[in-house]
Amino acid sequence: MTSSQKATLTPPTFELKPYLLDRQSQVEAALDAALPMAYPEHIYESMRYSLLAGGKRLRPILTIASCELLGGNSQMAMATACAMEMIHTMSLIHDDLPAMDNDDYRRGKLTNHKVYGEDMAILAGDGLLAYAFEYMARATTGVPIDRILQAVIHLAKASGAGGLVGGQVVDLQSEGKPDVTLETLAYIHAHKTGALLESCVVCGGIIAGGAPVDLQRLSQYAQNIGLAFQIIDDILDITATSEELGKSAGKDLQAEKATYPKLLGMEESQRRAQELVSTAKDSLNVYGAAAQPLQALADFITTRRN
Ligand code: GRG
């Protein structure tokens, strides 16, 4: 076999770094355009402050990657991808409030309430929550309306009491309790962090017109990376510095939170995260090389430092 024949048979190795940089800049531009300044300026400034504060943009990138896996394109998925980041950002603004996790820093900058006050921070979160749905329903183009409706329903469910809100409630109720079980912790993680990640991946698939079996595989992938993501988050809270995290490190210990490292130890937590990522990747093997971006994103979850 000649070397050129070999080259055509071996799938090219996927380079995550340039892929991430390219997608991040597309998402930054789309978010900036999605939320222009308007009257009353103060609230728009506060919403834009947090929405455009950086971050890995993992959720919108996952949305676009899933859409592409099932034959869609980034244009079709972009409004939904932006909506995902709006919901994520609103949850961070509210999570940072004194009544919740009480943090002064997020994404390396002062938290929203530290700059705009608690009243505006609550309203900025509310504004982003409502606008996410308006924007995804209004600005999605080239996608049949029934798919958009299905995605809106999926995201609304993931954001509410059966998803993010429910996870945050059980998390708050569990603070300071010495007897939180692994089962409760899994519930917190699956809802507080996993539900939105799953919605990103599944909605990307819905927008592309994926069949139920495809959406099922994507959901499996996402549930596994969702839990792995939060286990790594728990580990980083102990091992990374505040500078690396862009927020205060060591908060979980301080708040006496149940975490994977606390319940299982550091080594076992790391092993579980790795195992979950491996299972997540396997659930997409059926798509061959087309699954490389989502599989590489799964690996990124365990190697990240923030
Ligand atoms: C959705 C109505 C509604 C309310 C929100 C406050 C709240 C209820 C939920 C808290 C959700 C929360 C803060 C979960 C933590 C998720 C998490 C691990 C965030 C960090 O995500 P990264 O690392 O952050 O992707 P960047 O900054 O990179 O985007």
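Remember, it's 1-based here, ligands and their atoms both numbered in the order they're listed. On a predicted model such as this, the values are computed, not experimentally measured, just so you know.
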Just to confirm my output: which protein heavy-atom neighbour is closest to atom 27 (O) of ligand 1, and how far is it? Arg107 NE, 2.8 Å

Going by the order shown, which atoms of ligand 1 are within less than 4.0 Å of some heavy atom of Asp233? 18 (C)

Using a 4.0 Å heavy-atom threshold (strictly under), name the region of Leu129 that reaches ligand 1: side chain, backbone, both or neither. side chain

Ranking Lys192, His189, Gln230 by closest non-hydrogen atom to atom 14 (C) of ligand 1, top hit is Lys192

Return the residue, atom name and 0.1 Å-rounded distance of the protein heavy atom closest to atom 5 (C) of ligand 1. Ser91 CB, 3.9 Å

Quick one, Lys247 with Asp103, criterion salt bridge (Lys or Arg N to Asp or Glu O under 4.0 Å). Give me CA distance, side-chain angles, the key distance, then yes/no. CA-CA 7 Å; Lys247 60 174 185 174; Asp103 212 315; over 6 Å; no

Just to confirm my output: which protein heavy-atom neighbour is closest to atom 16 (C) of ligand 1, and how far is it? Thr193 OG1, 3.8 Å

Would you mind running through ligand 1 and noting each atom that sits below 4.0 Å from a heavy atom of Leu164? 1 (C)

Distance from atom 4 (C) of ligand 1 to nearest protein heavy atom, with residue and atom: Val165 CG2, 3.7 Å

Under the rule for side chain to side chain donor-acceptor pair (under 3.5 Å), what residues qualify as partners of Gln254, not counting sequence neighbours? none

For a quick check under 3.5 Å, do Gln223 and Ser219 share a side-chain donor-acceptor pair by atom type? yes

Under a 3.5 Å threshold, yes or no: a donor from one side chain and an acceptor from the other, between Asp299 and Gln295? no

Among Arg106, Lys56, Arg59, whose heavy atom sits nearest atom 21 (O) of ligand 1? Arg59

Should Arg304 be listed as contacting ligand 1, given a heavy-atom distance under 4.0 Å as the test? yes

Arg271/Glu267 salt bridge by N-O under 4.0 Å criterion: no

Enumerate donor-acceptor pairs with a distance under 3.5 Å from any side-chain N or O in residues 141-167 to protein atoms, sequence neighbours excluded.
unit_1	atom_1	unit_2	atom_2	d
Arg147	NH1	Ile207	O	3.0
His154	ND1	Ser199	OG	3.0
Ser159	OG	Leu155	O	2.8

Grab the two heavy atoms, one from Ile225 and one from Ala298, that are nearest each other, plus how far apart they are. CG2-CB, 3.7 Å

Considering only protein heavy atoms, which is closest to atom 10 (C) of ligand 1, and at what distance to one decimal place? Gln168 OE1, 3.3 Å

Has Arg106 got its NZ or CZ under 6.0 Å from the middle of the six-membered ring of Tyr49, at an angle within 45 degrees of the ring axis? no

Would you kindly specify which portion of Arg57 sits under 4.0 Å from ligand 1, judged on non-hydrogen atoms: side chain, backbone, both or neither? neither

Compute whether any side-chain donor of one residue and acceptor of the other, for Asp252 and Thr259, lie under 3.5 angstrom apart. no

Residues Lys257, Asp171: salt bridge by 4.0 Å N-O rule: yes

The answer for which part of Asp95 has a heavy atom under 4.0 Å from ligand 1 is both

Yes or no: does Leu58 have any heavy atom under 4.0 Å from an atom of ligand 1? no

Any idea which protein heavy atom is nearest atom 20 (C) of ligand 1, and the distance to it? His88 CE1, 4.1 Å

